[in-house]
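Each remark here refers to the structure printed beneath this line.
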Amino acid sequence: MSGWINKKRDHGNLLFIDLRDNYGITQCVIDNKNPLFKKIEKIPLETVVQFEGQVVERKKDTVNKELNSGEIEIKITNFKILGGTKELPLPVFSDQEYSEEIRLKYRFLDLRRSKIHKNIILRSNVISFIRKEMEKFGFLEFQTPILTSSSPEGARDFLVPSRLNPGKFYALPQAPQQFKQLIMVSGFDKYFQIAPCFRDEDARADRSPGEFYQLDIEMSFVEQEDIFIIVENLFNNLFKKFSNKKIQKEEFPKITFSETMLKYGTDKPDLRNPLEICDLTKIFERDDVKFEIFKNLVNKGSIVRAIVTKKTKDKPRSFFDNIDKWAKDKGSSGLAYFTFENKNDEVSGKGPIGKFFSPKACEEIMKVSNAQIGDSIFFACGQAKDVEKLLALARDKIAKDLDIIDENLFAFCWIVDYPMFENDEKSGKIKFSHNPFSMPQGNLSKLNLERPLDIKAYQYDIVCNGIELSSGAIRNHIPDLMYKLFAIAGYDKKNVDDKFSGMINALSYGAPPHGGIAPGVDRIVMLLANEKNIREVTMFPLNQNAQDLMMNAPSIIEDNQLKELNINLIKKK
RNA sequence: GGGGGUGUAGCUCAGUUGGUUAGAGCGAUCGCCUGUCACGCGAUAGGUCGCGGGUUCGAGUCCCGUCACUCCCGCCA
């Protein structure tokens with residue numbers, strides 16, 4: 001049996017060695033009657049050895065139930081060292097946490113450790129399962145180019161200089177978006193790919209810098225609902241197979257964009273969290289509400305929204321003040337609050353701002369917000385965007401404080417009916433809010449292009465536990481319509497022809513209606529492995545600064561290589 | 001580009017109000033130990049306290065700068 005020395009327990013005249021391979025740990029044993037004892041005793045941890053010996057049953061009182069092989073052990077008769085080791089920069093046998101720096105530099109050692117080793121195996125099994133399911137659904141897997149052209153919309157591109165075409169550059173694909181549409185135009189009707197995607201944007205805990213993988217899907221002759229059915233099927237099967245957590249609703253709820261922004265303040269709501277936001281702006285126009293700060297702001301166009309917490313009348317003052325303080329730390333003016341109570345057969349508000357609301361006003365608030373006596377309410381007032389943002393975070397914060405999130409649940413949902421366009425805050429101009437290739441909703445011949453902000457798109461997101469897994473859309477396959485929509489966003493016909501020549505050209509020669517989606521594989525594995533950081537499910541990730549500390553990438557390039565590519569470097573002062 | 005956190009032995013960390021020779025556990029090396037499975041016991045080695053500057057009689061500790069890692073904002077159609 002061959003493997004790594006995971007751990008030794010040396011009793012002087014009796015030695016136990018835990019031998020580890022990809023499948024687990026087996027205890028090997030030798031005593032001083034064997035002349036090799038002294039040599040084997042000295043072999044350091046993580047050496048790769050081959051032991052010869054007999055497999056023997058362990059005595060009942062020495063069985064180790066923690067090990068799969070705990071009923072047996074190997075009596076060593078001979079050994080061979082297959083791979084020696086220097087002193088280890090980090091211990092493999094340990095549950096300790098280590099700095100990312102050392103883990104990434106010695107990733108091959110880190111990957112030997114049990115938890116991450118299992119995560120990587122899980123990832124492999126998940127991808128294998130997805131392939132089999134997609135093939136079962138009748139999809140074909142195709143590869144698309146890695147060296148392609150830079151696209152004007154979206155994230156920053158990774159660029160690759162072309163030696164044969166001096167001064168020109170390839171871009172690595174941010175996603176195979178245009179190619180998968182071209183595949184549909186080419187007459188293949190169900191495509192998928194475990195596709196590498198490259199975006200030169202800054203990292204987050206759940207976002208690798210550089211590269212990540214999508215389960216890229218596209219289908220022709222379909223409507224939105226057809227894609228939902230495929231994805232719901234796949235995800236239900238996948239998440240049931242690889243996790244014991246329950247799926248909240250196997251038919252994923254569909255929430256419109258405007259509804260999710262009102263009820264959850266975000267387009268990636270965590271539906272495990274029962275708290276909802278409601279709009280109470282109108283209440284502050286009443287004469288029997290005397291909370292002047294909010295009333296003045298509402299007069300000037302601010303909105304008021306609120307979160308109700310159930311049966312929190314007996315929570316200590318510190319519970320409320322902590323949340324208010326938390327909101328102030330976030331840079332807001334805080335969260336005003338009170339608790340509904342019954343006083344002399346009348347509803348009244350107990351708490352710092354309770355006195356500003358008449359019994360009638362309280363009753364109206366309870367009606368709108370679905371609150372009962374004994375519940376509390378937290379108010380935020382300001383510009384719509386700021387209020388949405390703050391209350392979205394407050395939903396998470398309050399739910400955590402109240403411990404009302406069921407960690408044993410996957411709560412999927414679809415966010416649908418995204419607006420086609422939005423106002424760019426900086427420039428004041430109208431821009432595509434999501435994907436410029438999405439199909440607008442409604443009767444296309446009667447589309448009111450004069451009011452672009454009212455146009456909704458067949459554009460959807462799938463969200464699980466507050467994590468955005470993917471966007472998708474039914475595509476616009478009608479060139480005339482595409483020119484019109486691009487014109488609204490400030491691109492003239494020539495511009496569109498230049499930037500999207502491949503696409504526009506292809507759509508002009510008999511394109512089928514089509515649509516798709518591209519769920520993030522890394523994030524799916526994160527959910528299944530219950531990991532908060534994407535590096536825990538990535539074999540060889542880049543660090544936050546997009547460097548590979550093990551391979552020393554990126555690295556300085558020799559002058560002759562640069563010359564070949566016609567590139568001069570600008571010397572930084 | 002901006003904000004927060006961290007940086008002390010190979011690894012994980014402690015280090016009081018600025019005060020004698022900077023400590024512990026794991027690992028390494030050496031010795032003892034025949035049923036352990038986080039084996040046990042004893043000893044030894046191991047330090048540019050991230051780096052540079054400053055304040056001070058005296059700095060791991062205070063100040064300024066800088067670097068690295070990380071989390072967040074911006075960014076991510």
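As the structure is a computational prediction, the values presented were derived from the model and not from experiment. So you know, we letter chains A, B, ... as the sequences are listed, proteins then strands, and number each from 1.
As a whole-Å value, the separation of A/I5 CD1 from B/U36 P is 21 Å. A/L542 places its CG atom 17 Å from the C1' atom of B/A68, with the value rounded to the nearest Å. Taking atom CD1 of A/I25 as the reference point, atom C1' of B/C37 lies 10 Å away to the nearest angstrom. Atoms CG (A/D157) and C1' (B/C75) sit 14 Å apart, rounded to a whole Å. To the nearest angstrom, P of B/C39 lies 10 Å from CD of A/Q27. Across the protein-nucleic acid pair, A/D10 atom CG and B/C26 atom C1' stand 17 Å apart, rounded to whole Å. Between A/K105 atom NZ and B/G7 atom P the separation is 20 Å, expressed in whole Å.
At the heavy-atom level, A/E97 lies under 4.0 Å from the strands shown only through sugar-phosphate atoms. Across all strands shown, A/N533 has heavy atoms under 4.0 Å from sugar-phosphate atoms exclusively, and none from any base. Within 4.0 Å (heavy atoms only), A/S99 reaches sugar-phosphate atoms of the nucleic acid but no base atom. Within the 4.0 angstrom heavy-atom criterion, no nucleotide atom of any strand lies near A/D61. Residue A/D31 is classed as a base contact, given a heavy-atom separation below 4.0 Å to a base.
For A/E101 against B/U70, no side-chain N or O and base N or O form a donor-acceptor pair under 3.5 Å. The base of B/G35 sits with one of its N or O atoms less than 3.5 Å from a complementary donor or acceptor on the side chain of A/E73. Interface remark: the A/D202 side chain does form a donor-acceptor pair with the B/G74 base, using a distance-only criterion of under 3.5 Å. Applying the 3.5 Å distance criterion, the base of B/C69 shares no donor-acceptor pair with the side chain of A/R103. In the interface, the side chain of A/R207 is paired with the base of B/C76 through a donor and an acceptor atom under 3.5 Å apart.
With centroids closer than 5.5 Å and planes inclined by less than 30 degrees as the test, A/H11 and the base of B/C39 pass as a stacked pair.
Comparing A/Q96 and A/F93 by the nucleotide of RNA chain B whose heavy atom lies nearest to each, the residue mapping closer to the 5' end is A/Q96. RNA chain B is contacted by both A/G154 and A/N543; A/N543 maps to the nucleotide lying nearer its 5′ end (nearest heavy atom per residue).
Within the 4.5 Å cutoff, the side chain of A/W414 has no heavy atoms near those of the A/Q224 side chain.
When the side-chain nitrogen and oxygen atoms of A/R9 are compared with OP1 and OP2 of B/U36, none of them lie within a distance under 4.0 Å. Using a 4.0 Å cut-off, some side-chain N or O of A/R535 falls inside it from OP1 or OP2 of B/C71. For B/C39, the OP1/OP2 oxygens have a side-chain nitrogen or oxygen of A/K7 closer than 4.0 Å.
When all heavy atoms are compared, the tightest approach of A/S94 to A/R113 is O-NH2, 3.6 Å.
Electrostatic pairing of A/D18 and A/R9 counts as a salt bridge here, judged by a charged N lying under 4.0 Å from a carboxylate O.
Applying the salt bridge (charged side-chain N to carboxylate O under 4.0 Å, His left out) criterion to A/E388, with sequence neighbours excluded, gives A/R305.
The closest side-chain donor-acceptor pair between A/Y23 and A/N68, if any, does not fall under 3.5 angstrom. Side-chain contact annotation: A/H11 with A/D31, donor-acceptor N/O pair under 3.5 Å absent.
One P atom belongs to B/A45, the other to B/G25, and the distance between them is 15 Å to the nearest Å.
The nucleotide whose nearest atom lies closest to any side-chain atom of A/K42 is, among B/U36, B/C30, B/G74, B/C30.
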